[in-house]
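Here the structure is laid out as structure tokens; the discussion comes afterwards.
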Amino acid sequence: MKKMAEKTELKQIQDALLSDNYELAEWMLQDYLTKTELYDDMTAIFDAALGRYYKDWKRVWSAVRRGLMHNCRNYELYLMLGEYCLQNNPCQSYLCYENALFYCNDLEDQEEIRKLLYEMEAVHKIHVNKTAILIQSCDALEQTRLCIKSIHMTTPESAREIVIADHGIKEAMAEVPEKADILFLSDDTLLTENALFWLRMGLYDRKENGAAGSVTNTGQDRYPQIAEGVSDASDLFVFGEQTNIPWKYPYEMQIFLSGFALLVRRAVIEQAGLPEESLGDLKYEDFGLRLSAEGYQNVLCKNSFIIKTKKQHVGCEENLSEERRKIDEKWGFHTKYYLGVRRDLPGLIMEPEEQPLHVLEIGCGCGAVLAYIKSLHPNAEVYGVELISEVAKIAVHFGNVLCGDVEQMDYPWEEEFFDYIIMGDVLEHLSNPELVLRKLRKHLRTGGHILISMPNVKHYSVLLPLICQDIFPYSDSGILDRTHVKMYTGTEIKNLIWKSGYEIEAMGGHLYGVPGEKEQQMIDILTRLMEEPSRESFMVYQYVVKATKRQV
């Protein structure tokens, strides 16, 4: 009886909407939601319809999102999402209508949707390329078959064409339609519901977007493992349905994207060329750099989840070394060193995501951290300083970046301008880090913060060889990086921060490695010798500091 009554109420709300009695429909919907606390795709449609009537487009978007969380196959919600997108992005609107047609089983509504699509193409000249899915096959026939099956089940035929690249990318391109965008897809992948749809939505979000990549379940290259703890295939498909919906901020700009699922505009391929297969596992790093150099963005779509059935393949060390040498020689810098993104320091920015901020990074590399900050805080203005000119040429595409020596240059910024100044493993490279910190201080607003990380020379991995073998082995990276000019312990870092005019609000550290028996014995002995015993001071590999200006 209760369910029948609820169905009757829903029918009454629908009738009120169809008769344009919106005030009554609004009252009935709110009353229904208050009594039942049930919000599904049907109530979402009513909610969105009322938002459309009141021209409350935030309400429309929120209703569509909530409805798709309940049922990601409801075609009416994609129609409403298309109407929402039409205001600012007709290409995304077209994709929504195309997806609505894919899920629609009502013949009359199918015809109406086709008319919408025709009108957008013929009258408004809106055209979105079909996607050529180029499956990079490794002769695993069953694996490829399952990949193709997932494509058929989750994507409209009108939106894609499948090409098998079993003899290389270049040869397969001969079979690709002339005006199709290209999805480079590994054969060990399974598309989840709407994964390709949201990947295309990301590609067409802005004209500057040249390539769009998905997230996966394996912690793939530099991406957080968003499906952590989920391993069963059926659970992963459910996870995909829950993930592949509208997000408020679904995109993260990156310098390069992994090639397991990479969608690229055809015009970009024509301008920048194909991934260079001679670079092996590093070809997509190079490809991303080429796109960035051409002024295009590489967009990670966090609401496009694709299952990877195998762990990431890593080539043999010898091949990787040769490929890395080639790419470093091509771009003129140590790519592995300068392409990395750190998420720990931006994670210390506590302001609300929509708050406007001014953020400066000293030693910004190719701009990966600047891009990451923009994904967390879309209204932030990001600035950088980079010493190496070849590296800075990439970084300028992600923020307001200056190329120069931070110790020698005149700073062009206003006083009290920055909310945050980030220096990740930078100060130990400077001849006079205290002077730089003091110079930067006037450009940090009162109440703003500096975010710093520095290696700990007291780490047991440094002390044991020094004490037992009388050696201090420098290397290309790490605590004893041969480019380090200064070395610090936790106490010396605190002293440096204080002398430079700042006060530490929080200080923590990253641990690295597990000490063996010899290390444990050494740590025990040295800890007993300390005035204030602290085993942790030997365990911390890198200190992380958040500080603010103090009165001086």
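Residues: numbered from 1 along the sequence shown.
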[X] bridged to [Y] by N-O distance under 4.0 Å:
X	Y	result
Lys115	Glu112	yes
Arg324	Glu285	yes
Glu270	Arg265	no
Glu83	Arg52	yes

Strictly under 6.0 Å, is that where the ring centroids of Tyr78 and Phe197 end up? yes
Are the aromatic ring centres of Tyr22 and Tyr53 under 6.0 angstrom apart?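 Under 6.0 Å, so yes.
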Taking Lys308 as the fixed residue, which of Asp188, Thr189, Thr216, Asn217 is the one that meets the side-chain hydrogen bond (donor to acceptor under 3.5 Å, both in side chains) rule?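 It is Asp188; the other options fail the test.
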Using modelled atom types only, decide if a donor and an acceptor are shared between the side chain of [X] and the backbone of [Y] within a distance under 3.5 Å.
X	Y	result
Arg65	Pro246	yes
Asn303	Pro250	no
Thr43	Asp40	yes
Thr192	Gly240	no
His510	Gln542	no
Asn209	Gly202	yes
Glu381	Val359	no
Thr155	Ile151	yes
Lys374	Val382	no
Glu111	Glu108	no

Ring-face cation of Arg59 near Tyr54 (centre distance under 6.0 Å, axis angle within 45°): no
For the residue pair Phe305 and Phe239, categorise the inter-ring angle as parallel (less than 30°), tilted (30 to 60°) or perpendicular (more than 60°).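 Rings of Phe305 and Phe239: perpendicular, as their planes differ by over 60°.
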Parallel, tilted or perpendicular: ring planes of Tyr284 versus Phe287, cut at 30 and 60 degrees: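 Ring orientation of Tyr284 relative to Phe287: perpendicular.
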In sequence, state the C-alpha distance, the side-chain angles, and the governing distance for Gln92 and Tyr94, and then conclude on side-chain hydrogen bond (donor to acceptor under 3.5 Å, both in side chains). CA-CA 5 Å; Gln92 286 187 325; Tyr94 183 97; over 6 Å; no
Heavy-atom distance under 4.5 Å between the side chains of Tyr75 and Asn99, does that happen here? no
Below 4.5 Å, heavy atoms only, C-beta onward: do Glu351 and Tyr420 meet side chain to side chain? yes
Can you see which heavy atom on Leu50 is nearest to which on Leu29, and at what distance? CD1-CD2, 3.6 Å
N/O donor to acceptor pairs below 3.5 angstrom from side-chain atoms of residues 170-182, sequence neighbours left out:
unit_1: Asp181; atom_1: OD1; unit_2: Asn129; atom_2: ND2; d: 3.0
unit_1: Asp181; atom_1: OD1; unit_2: Arg266; atom_2: N; d: 3.0
unit_1: Asp181; atom_1: OD2; unit_2: Tyr204; atom_2: OH; d: 2.6

Evaluate the side chain to side chain contact (heavy atoms under 4.5 Å, CB included) criterion for residues Ser93 and Tyr97: first the C-alpha distance (whole Å), next the side-chain angles of each, then the deciding distance (0.1 Å), finally the verdict. CA-CA 6 Å; Ser93 179; Tyr97 293 150; 3.3 Å; yes
Starting from the C-alpha separation in whole Å, work towards a yes-or-no answer on side-chain hydrogen bond (donor to acceptor under 3.5 Å, both in side chains) for Gln297 and Tyr251. CA-CA 11 Å; Gln297 295 286 354; Tyr251 307 126; over 6 Å; no
Sequence neighbours left out, what passes salt bridge (charged side-chain N to carboxylate O under 4.0 Å, His left out) with Lys248? Give chain and number order. Glu354
So, using salt bridge (charged side-chain N to carboxylate O under 4.0 Å, His left out) as the criterion, who are the partners of Asp56 when residues are at least two apart?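 Salt bridge (charged side-chain N to carboxylate O under 4.0 Å, His left out) check on Asp56 returns nothing, list empty.
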Tell me if the NZ atom of Lys330 is crowded by more than 12 foreign heavy atoms within 6.0 Å.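 More than 12 heavy atoms, drawn from other residues, nucleotides or ligands, come within 6.0 Å of this atom.
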Is there a donor in the side chain of Asn244 and an acceptor in the side chain of Asn194, or the other way round, less than 3.5 Å apart?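 No.
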